[in-house]
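For reference, the structure discussed in these notes is given below.
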Number of protein chains: 2
Amino acid sequence: MKTPEDEQASVFRFFTEVGIIQQLISTRLETMLPGRMGATQFGILGHLARRPDGETPLQLSNAFQVPKTSMTHMLGVLEKLELVTIEPHPQDGRSKVARATQKGQAFLRECTGRMSREMAPVMSELGTQPFNAALPHLQLIREALDRARD
Amino acid sequence: MKTPEDEQASVFRFFTEVGIIQQLISTRLETMLPGRMGATQFGILGHLARRPDGETPLQLSNAFQVPKTSMTHMLGVLEKLELVTIEPHPQDGRSKVARATQKGQAFLRECTGRMSREMAPVMSELGTQPFNAALPHLQLIREALDRARD
DNA sequence: GTATGGTAATACGAAATCGTACTAAGTCAA
DNA sequence: TTGACTTAGTACGATTTCGTATTACCATAC
């Protein structure tokens, strides 16, 4: 019979595991990224690559849950690396639009490819089953957490 | 029928979801932590609280996968807040031992309690089922990733 | 004993992160 | 049209993060 304390503990363990996995993955990823480019910057690039019309800095900072001012900085770095372009927003004079460049797309493909190759040993050990099994639950949890932030 | 590309995609989605959940949780946690104390610092405190004999900075930086020098800094901050003590290692003159103080333990309890209360609405919406269902898979994946880093 | 190689922590500096305060631009009611 | 209010982005500064180089200490061989 499970007590409420056990249940709370398993939720905390869940969050701990998520934190450790994220840390292991992003550390691994960052070793094969140039300079001090971090996992979040890389995520932004991937996000933009899937959206040909680009997004505004504010949309990005909402999507990645980082402060606006951090996003300003990150986009500036990505722009200097010529991986994204930042242009004035055509409809809103206050705003900007960030898009992935060709170079950005190529860079992204190259890194994801390298990442896949790096991860191959782990993947063949694990198979895709644990990932597929966990994914629906993660999505459920993420959606609830997302709704819960006011 | 699933292609290899689909499988790779679901693994990437898994990591994406993990990243987002981690971000949502740590942002939420950090709003109720004093000053600029981050989720990792808090994790260190929790880690130490479960180990009465303490750990060395190197053990901690391995456990949390952050550079040694970051750990030096974090522990310095936690020490200044009187949440941990840092003493010379009795057996090894090169090393140190970090332990959670009483104040640290109390602080931890207070924060985890507040966190639980904050999360109550989400928890009652989700129940513990998705967490318990995902946890074994996460552990499997984490262990494999952990072994895979040389 | 001491020389040599490895390990633990840190000093230092460069860059990232993010809170506060600000400017410019949009919105909307009167 | 105007004035109050809201919103998008950024300048600035405090702090964190982390790579490099350094110092102190341990272990082993000679």
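Below, read A as the first sequence line, B as the second, and so on, with proteins coming before strands; counting in each chain starts at 1.
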- Can you tell if the side chain of A/I86 reaches within under 4.5 Å of the side chain of A/V97, non-hydrogen atoms only? no
- Hey, does the side chain of A/H73 come within less than 4.0 Å of C/dT17's phosphate (OP1/OP2), counting only N and O? no
- B/L60 to B/A98 - nearest heavy-atom pair and separation: CD1-CB, 4.3 Å
Donor-acceptor pairs are to be reported for all side-chain atoms of residues 137-145 of chain B against protein atoms at under 3.5 Å, with residues two or more places apart or in another chain.
residue: B/R142; atom: NE; partner: A/E17; partner atom: OE1; Å: 2.8
residue: B/R142; atom: NH2; partner: A/E17; partner atom: OE2; Å: 2.8

- Message: Just to verify, what does B/E82 make a salt bridge (Lys or Arg N to Asp or Glu O under 4.0 Å) with, not counting sequence neighbours?
- Response: B/K103
- Mind checking salt bridge (Lys or Arg N to Asp or Glu O under 4.0 Å) for B/E30 and listing every partner two or more places apart, or none if nothing turns up? none
- Note on the structure: Taken to the nearest whole Å, CD/B/Q65 to P/D/dT17 is 15 Å
- Task: Hey, which sits more toward the 5' end of DNA chain D by its nearest nucleotide, B/M37 or A/K96?
- Result: A/K96
- Task: Not counting sequence neighbours, which residues clear salt bridge (Lys or Arg N to Asp or Glu O under 4.0 Å) with A/R51? List them please.
- Result: A/E55
- Rounding to a whole Å, what distance do you find between A/H89:NE2 and D/dT10:P? 14 Å
- Would you indicate, yes or no, if D/dG9 has its OP1 or OP2 atom less than 4.0 angstrom from a side-chain nitrogen or oxygen of A/S95? yes
Acceptor/donor pairs from residues 62-74 of chain A side chains to any protein atom, 3.5 angstrom cut, sequence neighbours excluded:
residue: A/N62; atom: ND2; partner: A/L58; partner atom: O; Å: 3.4
residue: A/Q65; atom: NE2; partner: A/N62; partner atom: O; Å: 3.4
residue: A/T72; atom: OG1; partner: A/K68; partner atom: O; Å: 3.3

- Atom-to-atom span, CD of A/Q91 to P of D/dG9 - whole angstrom: 14 Å
- Rounded distance in Å - CD (B/Q41) to C1' (D/dT17): 10 Å
- Selection: residues 42-58 of chain A, any non-hydrogen atom under 4.0 Å of DNA chain C: none
- Task: State which residues pass side-chain hydrogen bond (donor to acceptor under 3.5 Å, both in side chains) with B/E125; sequence neighbours excluded, sorted by chain then number.
- Result: A/R147
- Query: For B/F15, which residues count as a ring-ring contact (aromatic ring centres under 6.0 Å, His included) partner, sequence neighbours excluded?
  - Reply: A/F131
- Can you list the residues that meet the salt bridge (Lys or Arg N to Asp or Glu O under 4.0 Å) rule with A/R94, with sequence neighbours excluded? A/D92
- Note on the structure: To the nearest angstrom, the CZ-P distance between B/F64 and D/dC18 comes to 14 Å
- Item | side-chain hydrogen bond (donor to acceptor under 3.5 Å, both in side chains) involving A/Q105 - partner list, sequence neighbours excluded | none
- Message: Give the residues of residues 17-24 of chain A touching DNA chain C, defined as any heavy atom closer than 4.0 Å, sorted by residue number.
- Response: none
- Task: Give the rounded distance in Å between these two atoms: CG of B/L60 and C1' of D/dT17.
- Result: 17 Å
- Query: Atom NZ of A/K80 and atom C1' of C/dA15: how far apart are they, to the nearest Å?
  - Reply: 12 Å
Would you list the protein and nucleotides 19-24 of chain C atom pairs, both N or O, that sit under 3.5 Å from each other?
residue: C/dG19; atom: O6; partner: A/T69; partner atom: OG1; Å: 3.0

- Gap between atoms CG and P, on B/L33 and D/dT15 respectively (whole Å): 17 Å
- Task: Classify the nucleic acid contact of A/M74 as base, sugar-phosphate or nothing, counting any heavy atom under 4.0 Å across all strands shown.
- Result: sugar-phosphate
